2 protein chains.
Amino acid sequence: MADDVFKALADPTRRTILDELSERNGQTLFEICARLTTRHGLGLSRQAISQHLAVLEAAGLVRTRREGRYKFHDLNTEPLEQIATRWLRRDPPPEAP
Amino acid sequence: MADDVFKALADPTRRTILDELSERNGQTLFEICARLTTRHGLGLSRQAISQHLAVLEAAGLVRTRREGRYKFHDLNTEPLEQIATRWLRRDPPPEAP
DNA sequence: ACGATAAGCAAGTCGGCACTTGCATGTCTA
DNA sequence: TAGACATGCAAGTGCCGACTTGCTTATCGT
């Protein structure tokens, strides 16, 4: 469960995809490919991005909805809220006195 | 920077080590080996744990202090507080009303 | 000083992951 | 319906990471 999330976040390309979806939700595969190339300088094949999206979806970090021949990808931050607080049991340090 | 943290968290054994250090801070390598074996059922060699600790230390998640022939390992949650909020722009939910 | 204890170093093996290549499926437009 | 467009599936390749094995270094107790 959490294992999938951590492994999904291990790849820098996938994290960039999450950044991109965080900025503009509901993009298609081709949109993500284009924006990764132009804005982030990544030269990856379409299938590579597709596989990354599959990993992100399997981890629950991305939700997909199909409309005709388009498949839109939405960011889902729910799994993130749980894994981060795993070792942060104590409240964030308020301020130094 | 953040890349090291995410890659360090990708391995389940390293996450278990963080769990162990979170519960009892300042353990030596042998202590961690023993507790991983007895409490978590992991049968790993001492060198394997040592290499994992090196990765965690390189990521800044573990600080070490040397005293004689002992080397104590302390958990450092500082890198964690930054990476989690990367896609969580909104503040952490305070409490449900 | 000697042996025991705690840790470090280096090379080698093995499996998994990222990426590519090629082809197949489904869907809209003209 | 034909062709272009958006996506899916599957097999193959190459590299990095996890783990082991063997040896070495350093510190403590007796």
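Quantities reported herein were computed from a predicted structural model and do not represent experimental measurements. Chain naming here is simple, since letters A, B, ... match the order of the sequence lines and numbering starts at 1 in each.
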- [ ] Specify the separation, in whole Å, of atom CZ of A:F30 and atom C1' of D:dA4.
- [x] 11 Å
Open item on the list: Please report the distance, rounded to the nearest Å, between CZ in B:R14 and P in D:dC19.
Closed with: 8 Å
- [ ] Kindly calculate the angle separating the two end axes of the helix from C:dA1-D:dT30 to C:dA30-D:dT1, each obtained from five base pairs, and round it to 10 degrees.
- [x] 30°
Open item on the list: With heavy atoms of chain B within less than 4.0 Å as the criterion, where does contact along DNA chain C begin and end?
Closed with: C:dT5 to C:dC9
Task: Within-4.5 Å side-chain heavy-atom neighbours: A:T16 and A:L36 - done: yes
Open item on the list: What I'd like to find out is whether the side chain of B:C33 reaches to under 4.5 Å of the side chain of B:L29, using heavy atoms alone.
Closed with: yes
Open item on the list: Using whole Å, what does the distance between atom C1' of nucleotide D:dC5 and atom CZ of A:R66 come to?
Closed with: 12 Å
Open item on the list: Counting the atoms with a prime plus P, OP1 and OP2 as sugar-phosphate, which does A:Y70 contact under 4.0 Å by heavy atoms, base, sugar-phosphate, or nothing?
Closed with: sugar-phosphate
Open item on the list: With heavy-atom distances below 4.5 Å as the criterion, would you say the side chains of A:F72 and A:T28 are in contact?
Closed with: yes
Task: A:S50 side chain near D:dT7 phosphate (N/O to OP1/OP2, under 4.0 Å) - done: no
Open item on the list: Measuring to OP1 and OP2 of D:dT27, would you say a side-chain N or O of B:K71 lies under 4.0 angstrom away?
Closed with: no
Task: Residue whose nearest DNA chain C nucleotide is more 5′ - A:G68 or A:D11 - done: A:D11
- [ ] Using only side-chain N and O atoms of B:H52, determine if any of them is under 4.0 Å from OP1 or OP2 of D:dC19.
- [x] yes
- [ ] Examine the base of D:dG8 for any acceptor or donor lying under 3.5 Å from a partner atom in the side chain of A:R46, and report the outcome as yes or no.
- [x] yes
Open item on the list: For a 4.5 angstrom cut-off between non-hydrogen side-chain atoms, does B:Q51 reach B:V55?
Closed with: no
- [ ] Please figure out whether A:Q51 or B:F72 has its closest DNA chain C nucleotide nearer the 5' end.
- [x] B:F72
Open item on the list: What I'd like to find out is whether the side chain of A:L56 reaches to under 4.5 Å of the side chain of A:L61, using heavy atoms alone.
Closed with: yes
- [ ] Starting at atom CD of A:Q47, determine the distance to atom C1' of D:dC9, rounded to an integer number of angstrom.
- [x] 10 Å
- [ ] Determine the minimum heavy-atom distance between A:F30 and A:R46, stating which atoms define it.
- [x] CE1-CD, 2.9 Å
Task: Protein-nucleotide distance (A:E31, atom CD; D:dT7, atom C1'), rounded to Å - done: 14 Å
- [ ] To the nearest Å, give me how far apart CG (A:L53) and C1' (D:dT7) are.
- [x] 11 Å
Task: Rounded distance (Å) that lies between atom P of D:dT21 and atom CD1 of B:I49 - done: 14 Å
Task: Residue pair A:R65 / A:H73, side-chain heavy-atom distance below 4.5 Å - done: no
Open item on the list: Within the structure provided, determine whether A:L9 and A:L80 are in side-chain contact (heavy-atom separation under 4.5 Å).
Closed with: yes
Open item on the list: Name the residue from A:Q27, A:H52, A:H40 that meets the side-chain contact (heavy atoms from CB on, under 4.5 Å) definition with A:I17.
Closed with: A:H52
